[in-house]
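Data block below; observations after.
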Amino acid sequence: MEQEREVKNKKKALSLEEAFEQVEETIELLEEEDITLEASFKAYQEGMKLLQYCNEKIDKVEKQVLKINEDGGLDEF
């Protein structure tokens, strides 16, 4: 699976949108009727890695989206 190698090599350079696009492509691949069990397992694993990557990026952004309140503390935006 050439896509897997590309994702592993470029995962850190992927934007959140690009990662979600690759998740969608992985889902489409898994929905194909002629996919082998081995290929589906590899695609599933790569999809899970992509989802973990997306989750980490979202968590990072959520932590950055804070504002300072009147008392000098931080509140969620």
Side-chain angles (χ1 to χ4, degrees):
M1 299 188 109
E2 189 174 314
Q3 180 184 357
E4 282 183 41
R5 282 183 244 122
E6 288 179 22
V7 171
K8 288 177 185 174
N9 293 333
K10 297 181 181 179
K11 190 184 294 184
K12 297 205 181 220
L14 287 177
S15 70
L16 190 56
E17 292 81 6
E18 291 169 331
F20 276 121
E21 282 181 30
Q22 288 193 9
V23 168
E24 288 178 21
E25 291 172 7
T26 302
I27 291 169
E28 289 174 9
L29 178 66
L30 287 168
E31 290 175 341
E32 292 180 6
E33 290 182 20
D34 62 342
I35 189 170
T36 65
L37 183 58
E38 185 176 331
S40 65
F41 183 67
K42 287 180 182 179
Y44 174 81
Q45 287 180 318
E46 190 57 37
M48 292 304 292
K49 289 176 188 175
L50 282 164
L51 287 173
Q52 181 179 6
Y53 172 76
C54 292
N55 189 42
E56 289 169 1
K57 286 206 58 123
I58 290 170
D59 285 346
K60 183 178 177 182
V61 170
E62 285 178 344
K63 289 176 183 173
Q64 291 175 342
V65 180
L66 297 174
K67 67 176 184 175
I68 298 175
N69 63 25
E70 293 174 5
D71 299 325
L74 295 176
D75 290 329
E76 290 185 18
F77 184 68

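On a predicted model such as this, the values are computed, not experimentally measured, just so you know.
Residues passing the side chain to side chain donor-acceptor pair (under 3.5 Å) test with Glu28: none are found, sequence neighbours excluded. Partners of Glu38 according to the salt bridge (Lys or Arg N to Asp or Glu O under 4.0 Å) rule, which considers only residues two or more places apart in sequence or in another chain, are Lys42.
Summarising the geometry of Lys57 relative to Leu14, their closest heavy-atom pair is NZ-O, 3.8 Å, with the distance given to 0.1 Å. Ile35 approaches Leu29 most closely through the heavy-atom pair CD1-O, 3.5 Å. Here the shortest heavy-atom pairing between Ser40 and Leu30 reads O-CD2, 3.3 Å.
Hydrophobic clustering of Ile, Leu, Val, Met, Phe, Trp and Tyr side chains at less than 4.5 Å, counting indirect connections, unites Leu50 with Met48. Note on Leu51 and Ile58: separate hydrophobic clusters, where clusters join Ile, Leu, Val, Met, Phe, Trp and Tyr whose side-chain heavy atoms are under 4.5 Å apart, directly or indirectly. By the criterion of side-chain heavy atoms lying less than 4.5 angstrom apart, applied directly or through intervening Ile, Leu, Val, Met, Phe, Trp or Tyr residues, Tyr44 is grouped together with Tyr53 in one hydrophobic cluster.
In this structure, CG on Asn55 lies 10.0 Å from CG on Leu16, to the nearest 0.5 angstrom. The distance from atom CD of Glu18 to atom SG of Cys54, rounded to the nearest 0.5 Å, is 10.5 Å.
No side-chain donor-acceptor contact under 3.5 Å links Gln22 to the backbone of Ala19.
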